[in-house]
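Data first, discussion second: the structure below is written as structure tokens.
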Amino acid sequence: VQLQASGGGLVQPGGSLRLSCAASGSFVSINNMAWYRQNPGMQRELVALIERGGTTTYADSVKGRFSISRDDAKSTVTLQMNALRPEDTAVYHCNADVSYYSGSLYRLSNFWGPGTLVTVSS
């Protein structure tokens, strides 16, 4: 299973960006999908999470500005980021709990994407 993110870049404060992450490979289902972010020397922090049933969780710092959604038919998760601030600058990583078969063994593992850089600056 691989996760590949796209959509990062440079944006001015107050602007918007949309991050997308697609899961590929052979798997049974995807449970929680999430976006985390990290700056050098800092711990990776949860930005937003969406459960398989659609329940969402957001970091307090992004509530009202960011929106997470998923398309299970396409195995994708999207993070719409509005009203961006310089403090939102970070490398954003997508994350997913994926169930799959390894041979005859049913497994549930957590996967990370490689990250995409978001820079908010004037």
Side-chain angles (χ1 to χ4, degrees):
V1 178
Q2 291 186 328
L3 301 178
Q4 186 62 49
S6 61
L10 173 64
V11 64
Q12 292 187 340
S16 297
L17 278 177
R18 176 175 291 187
L19 304 183
S20 294
C21 178
S24 61
S26 178
F27 52 87
V28 176
S29 64
I30 302 176
N31 299 321
N32 293 346
M33 303 184 82
W35 289 94
Y36 288 74
R37 65 187 181 189
Q38 186 173 26
N39 279 308
M42 304 288 287
Q43 282 193 331
R44 193 171 290 184
E45 64 170 346
L46 176 67
V47 177
L49 179 147
I50 184 166
E51 299 177 14
R52 184 166 176 80
T55 299
T56 57
T57 301
Y58 294 94
D60 288 342
S61 59
V62 306
K63 283 181 181 176
R65 301 188 297 123
F66 291 11
S67 178
I68 189 170
S69 60
R70 62 189 288 167
D71 184 335
D72 289 329
K74 298 180 180 179
S75 300
T76 59
V77 60
T78 298
L79 185 68
Q80 177 66 44
M81 304 184 293
N82 300 324
L84 282 160
R85 305 167 180 170
E87 54 263 40
D88 294 318
T89 296
V91 175
Y92 284 69
H93 298 265
C94 62
N95 177 275
D97 293 324
V98 183
S99 59
Y100 61 99
Y101 280 98
S102 176
S104 61
L105 295 178
Y106 179 83
R107 295 185 179 274
L108 176 63
S109 296
N110 186 259
F111 292 87
W112 289 95
T116 183
L117 177 62
V118 172
T119 303
V120 184
S121 175
S122 56

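Remember, it's a predicted structure, so these values are computed and weren't measured experimentally. Worth knowing before you read on, the calculation uses all heavy atoms, side chains too, and leaves out hydrogens, waters and symmetry mates.
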If you round to the nearest 0.5 Å, how far is CG of Leu117 from CZ of Arg37? 12.5 Å
May I ask you to decide if Met42's main-chain N or O and Asn39's side chain share a donor-acceptor pair within less than 3.5 Å? no
Within-4.5 Å side-chain heavy-atom neighbours: Leu84 and Phe66: yes
Arg70 (side chain) donor-acceptor with Gly53 (main chain) under 3.5 angstrom: no
Of all heavy-atom pairs linking Arg65 and Asp88, the shortest is NH1-OD2, 2.7 Å
For Asn110 and Asn95 the tightest heavy-atom approach is OD1-ND2, 2.7 Å
Val91 with Met33, same ILVMFWY side-chain cluster at under 4.5 Å: no
Strictly by ring-ring contact (aromatic ring centres under 6.0 Å, His included), give each pair with a member in residues 36-62 just once, sequence neighbours left out. Tyr36-Trp112
Within this structure, what is the CD1-OG distance for the pair Ile30 and Ser75, rounded to the nearest 0.5 Å? 4.0 Å
Under a 4.5 Å cut-off applied to non-hydrogen side-chain atoms, are Tyr100 and Phe111 in contact? yes
Counting C-beta onward and ignoring hydrogens, is there a side-chain heavy-atom pair between Leu49 and Thr56 closer than 4.5 Å? no
Check Ser61 against Arg85 and note the closest heavy-atom contact, atom names and distance. O-NH1, 3.8 Å
Please check if the number of heavy atoms outside Gln43 that lie under 6.0 Å from its CD is greater than 12. no
How far apart are the closest heavy atoms of Ser69 and Ile50, and which atoms are they? CA-CD1, 3.9 Å
Please answer whether the main-chain N or O of Ser29 pairs with a side-chain N or O of Ser99 as donor and acceptor at a distance below 3.5 Å. yes
Please answer whether the main-chain N or O of Asn32 pairs with a side-chain N or O of Arg52 as donor and acceptor at a distance below 3.5 Å. no
Verdict with reasoning, Leu108 to Asn31, per side-chain contact (heavy atoms from CB on, under 4.5 Å): CA-CA 9 Å; Leu108 176 63; Asn31 299 321; 3.4 Å; yes
Please report, to 0.1 Å, the donor-acceptor pairs under 3.5 Å made by any side chain of residues 1-26, with sequence neighbours excluded.
residue	atom	partner	partner atom	Å
Ser16	OG	Asn82	OD1	2.9
Arg18	NE	Gln80	OE1	2.7
Arg18	NH2	Gln80	OE1	3.1

Calculate, to the nearest 0.5 Å, the distance between atoms OH and OH belonging to Tyr101 and Tyr106 respectively. 7.0 Å
